[in-house]
Amino acid sequence: MSDEQVASPTNRRRISQRGLATRERILEAANRLMFVRGVNATTLDDIREASQTSKSQLYHHFADKQELVRALVKYRGALVLQRERGGLERLRSFSGLVRWRNALVQANSLNNGRYGCGLGSMAVELSDQDEQARSTLLETFAAWEKLISDGLHRMRDSGALRQDADPEKLATGLMAALQGGYLLANAAHNVAPMEVALDMALDHIRSYLSEPSGGPTR
């Protein structure tokens, strides 16, 4: 039996790591292209070229476009939740919500409001095409919304919010404002509608503060 047939554990590990790196490179390229162009307008050839992989490499990791898109939904969802944990896991005050709002608006302003939310745009395209992708997106949105509601619960528990505040409903309203804001900003190629939507949602939350916070939202 040849040396090629009996690979050492080290070689197997090296090959596995190389394969994981290739898979990651494909997903990174798909994420960039599909964020700008959308899922349906991006082909596997586009992704193969952008990731500098061969057809055999791409099909080794993903049997078809549907499998790649489903993997991308999880990949993009993990990136979004990682980002959101940074701004929401320690949320305990209204000023923390304002900082979270400002960071999202500033990031979207770099694209002049274009392209929308990476998860929201996928939900629009995929929800009626792929039930598995829709289910994964729903779970990710639920986890994102829970980060917000958990922060609002901490605010209520500390006395920053009145006891009649409903963190779950307020979180749903804020998420709806955020996603609607992304959509309108994309249509306008201007971040202003997103600012308005978020500010109105935050003003509603402000109305539940134990001691109303004055001053502008931003």
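Positions are given from 1, in the same order as the sequence printed here.
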Derivation and outcome, side chain to side chain contact (heavy atoms under 4.5 Å, CB included), residues M122 and L72: CA-CA 10 Å; M122 293 186 89; L72 179 60; 4.1 Å; yes
Checking side chain to side chain contact (heavy atoms under 4.5 Å, CB included) for the pair L68/Y75: CA distance, chi angles, key distance, verdict? CA-CA 10 Å; L68 172 57; Y75 176 85; over 6 Å; no
CA sep, side-chain torsions, deciding dist, call: L91, L97, side chain to side chain contact (heavy atoms under 4.5 Å, CB included): CA-CA 7 Å; L91 176 67; L97 272 178; 3.6 Å; yes
Can R134 and E131 be said to form a salt bridge (charged side-chain N to carboxylate O under 4.0 Å, His left out), step by step? CA-CA 5 Å; R134 186 200 66 79; E131 179 60 23; 2.5 Å; yes
Does the pair M194 and L184 meet the rule for a side chain to side chain contact (heavy atoms under 4.5 Å, CB included), with working shown? CA-CA 7 Å; M194 179 183 182; L184 293 176; over 6 Å; no
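A 4.5 Å side-chain heavy-atom check between R99 and S95 finds at least one atom pair inside the cut-off. Residues M155 and S93 are not in side-chain contact: their nearest non-hydrogen atoms beyond the backbone lie 4.5 Å or more apart. In this structure, T22 and H60 have side chains that are not in contact, with every pair of non-hydrogen atoms separated by 4.5 Å or more. Here the side chains of R70 and T136 are not in contact, with every heavy-atom distance at 4.5 Å or above. Annotation: side chain of R83 is in contact with side chain of L104 (closest heavy-atom distance under 4.5 Å). Looking at heavy atoms from C-beta onward, L209 lies out of side-chain contact with R162 at the 4.5 angstrom threshold. Taking the side chain as every heavy atom from C-beta outward, L174 and L198 approach each other to under 4.5 Å. The closest side-chain heavy-atom distance from L79 to N31 is below 4.5 Å.
The environment of Q52 atom CD is sparse: at most 12 non-hydrogen atoms of other residues, nucleotides or ligands sit within 6.0 angstrom. Within 6.0 Å of CZ on R90 lie no more than 12 heavy atoms contributed by other residues, nucleotides or ligands. Residue E168 places its CD atom among more than 12 non-hydrogen atoms of other residues, nucleotides or ligands, all under 6.0 Å distant. Heavy-atom neighbours of D128 CG from other residues, nucleotides or ligands within 6.0 Å: at or below the threshold of 12.
M175 and V124 are assigned to two separate hydrophobic clusters, defined by single-linkage of ILVMFWY side chains at heavy-atom distances under 4.5 Å. Criterion: ILVMFWY side-chain heavy atoms under 4.5 Å apart, direct or through other members. Under it, L137 and Y182 are part of a common hydrophobic cluster. Tracing side-chain contacts under 4.5 Å through hydrophobic residues (I, L, V, M, F, W, Y), one reaches V39 starting from F141; they form part of the same cluster. Hydrophobic clustering of Ile, Leu, Val, Met, Phe, Trp and Tyr side chains at less than 4.5 Å, counting indirect connections, unites I148 with L119. Both L81 and L27 are assigned to one and the same hydrophobic cluster, defined by single-linkage of ILVMFWY side chains at heavy-atom distances under 4.5 Å.
Summarising the geometry of L126 relative to A133, their closest heavy-atom pair is CD1-CB, 4.1 Å, with the distance given to 0.1 Å. Nearest heavy-atom pair, E89 versus L147, reported as atom, atom and distance to 0.1 Å: CG-CD2, 4.0 Å. Nearest heavy atom pair, residue L152 against residue P167, reads CD1-O, 3.6 Å. When every heavy atom of L33 is checked against every heavy atom of A50, the shortest pair comes out as CD1-CB, 3.8 Å. When all heavy atoms of L202 and F94 are compared, the pair lying nearest together is O-CE1, 3.4 Å. Considering all non-hydrogen atoms of both residues, I26 and Q57 come closest at CD1-O, 4.3 Å.
One N or O on the side chain of K65 and one on the backbone of T42 form a donor-acceptor pair closer than 3.5 Å. R76 contributes a side-chain N or O that, together with a main-chain N or O of G118, makes up a donor-acceptor pair within less than 3.5 Å. Under the 3.5 Å distance criterion, the side-chain polar atoms of N112 are left unmatched by any main-chain donor or acceptor of H189. Listed for the T53 side chain is no donor-acceptor partner under 3.5 Å among the backbone atoms of E49. Without hydrogens or angle criteria, D46 side chain to T43 main chain gives a donor-acceptor distance under 3.5 Å. A donor-acceptor distance shorter than 3.5 angstrom exists from the side chain of E125 to the backbone of N40, with no hydrogens or angles considered. The main-chain N or O of A192 is found under 3.5 Å from a side-chain atom of N190 such that the two form a donor-acceptor pair. Judged by distance alone, the side chain of E84 and the main-chain N or O of W144 form no donor-acceptor pair under 3.5 Å.
Taking the six-membered ring for Trp and thresholds of 30 and 60 degrees, H204 and Y208 have ring planes more than 60 degrees apart, a perpendicular arrangement.
Taken from OG in S109 to CZ in R114, the straight-line distance is 12.0 Å, to the nearest 0.5 Å. Interatomic distance, Y59 OH to L44 CG, rounded to the nearest 0.5 Å: 4.5 Å. To the nearest 0.5 Å, atoms CH2 (W100) and CG (L178) are separated by 5.0 Å. One distance of note links OG of S51 with CD of E24; it measures 12.0 Å at 0.5 Å rounding. Here the straight-line distance linking atom CG of L170 with atom OG of S149 works out to 10.0 Å at 0.5 Å rounding. The CG atom of L161 lies 8.5 Å from the CZ atom of R156; values are rounded to the nearest 0.5 Å.
Looking at D199 and R101, a side-chain N of the basic residue comes within less than 4.0 Å of a carboxylate O on the acidic one, giving a salt bridge. Note on E28 versus R25: no salt bridge recorded, every NZ/NE/NH1/NH2 to OD/OE distance being 4.0 Å or above. Salt bridge D45/R48: present, at least one basic N to carboxylate O contact under 4.0 Å.
A donor atom on one side chain and an acceptor atom on the other are not found under 3.5 Å apart for H61 and E67.
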